[in-house]
Amino acid sequence: MARPAETPLYYLGNKKKLSATELEFMKFIWKYPKGVSSEKIYQEFPQARGTKSTILYNISEKGYVDKRQSGLHHIYNALVTQEEYEHALLQQQIRDGLGNTSFEGLVAAFCGKPLTKAQIDKARNFLRELEDEMEDQ
């Protein structure tokens, strides 16, 4: 029986979600912000060489890494940070679970009732303050 298609990660431009094995490879690639050679990746994982090549190909096709030839090997650079990926997963879970990702919508869902205009304004102001703090860092 075929697996049902996964919902694409809306917050990453509808990229497909990484499989568990692909995620392990990406965690290794994320350790090297300037890129990592296929040789080093091959040494890190126990799968057969062809399997590792397929996994790296799939990650590349999904748009998570850029690869360039360097001698006999490829250099893989992450196009998406680990934080961006984890954030997109969380946003997707919230969206799938609650049907809403706005802060006000989440607060309303937790409260079990619609928010008043004053409550919505207060939530928005809180978010603006958080954004300002992040920009100052």
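Sequence positions, counted from 1, serve as the residue numbers for this chain. Basis for what follows: all heavy atoms, side chains included, without hydrogens, waters or symmetry-related copies.
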Thr51 side, atom OG1; Phe45 side, atom CZ - distance, nearest 0.5 Å
13.0 Å

Does some side-chain heavy atom of Tyr76 sit less than 4.5 Å from a side-chain heavy atom of Arg68?
no

His87 side chain to Gln91 side chain, donor-acceptor N/O pair below 3.5 angstrom:
yes

When you measure from the side chain of Glu22 to the backbone of Ser19, do you find a donor-acceptor pair of N or O atoms at a distance under 3.5 Å?
yes

Intermediate values then yes/no, side chain to side chain contact (heavy atoms under 4.5 Å, CB included), Ile29 and Ile41:
CA-CA 8 Å; Ile29 293 168; Ile41 296 169; 4.0 Å; yes

Mind checking whether Gln69 and His74 have side chains closer than 4.5 Å, heavy atoms only?
yes

If you round to the nearest 0.5 Å, how far is CG of Leu79 from CD1 of Ile59?
11.5 Å

Using side-chain heavy atoms (C-beta onward) and a distance below 4.5 Å, is Val65 in contact with Met26?
yes

Measure from the side-chain N and O atoms of Ser60 to the backbone N and O of Leu56, and report whether any donor-acceptor pair falls under 3.5 Å.
no

Does any part of the side chain of Tyr64, heavy atoms only, come nearer than 4.5 Å to the side chain of Leu12, both counted from C-beta?
yes

Walk me through it: do Phe28 and Lys40 pass the test side chain to side chain contact (heavy atoms under 4.5 Å, CB included)?
CA-CA 10 Å; Phe28 184 76; Lys40 197 166 202 167; 4.1 Å; yes

Do the non-hydrogen side-chain atoms of Pro8 and Lys16 ever get within less than 4.5 Å of each other?
no

May I ask you to decide if Leu18's main-chain N or O and Tyr85's side chain share a donor-acceptor pair within less than 3.5 Å?
yes

Whether the side chain of Trp30 engages the backbone of Phe25 through a donor-acceptor N/O pair (distance < 3.5 Å, no angle test) should be reported.
no

Supply the atom-to-atom distance Leu72 CG to Glu39 CD, rounded to the nearest 0.5 angstrom.
9.0 Å

Using the rule given for side chain to side chain contact (heavy atoms under 4.5 Å, CB included), can you reason through Lys52 versus Tyr57, listing the C-alpha separation, both sets of side-chain angles and the distance that settles it, and then say yes or no?
CA-CA 9 Å; Lys52 291 183 256 195; Tyr57 174 80; over 6 Å; no

Measuring from atom CD of Glu24 to atom CD of Gln47, what distance do you get when rounded to the nearest 0.5 angstrom?
9.5 Å

Any side-chain donor near an acceptor of the partner, Tyr42 and Ser53, under 3.5 Å
yes

What distance do Tyr11 atom OH and Leu89 atom CG have between them, rounded to the nearest 0.5 Å?
12.5 Å

So do the side chains of Val36 and Ile75 get within less than 4.5 Å of each other, counting heavy atoms only?
no

What is the minimum heavy-atom distance between Gly63 and Lys15, and which atoms define it?
O-CE, 3.1 Å

With a 4.5 Å cut-off on side-chain heavy atoms, are Lys17 and Lys62 touching?
no

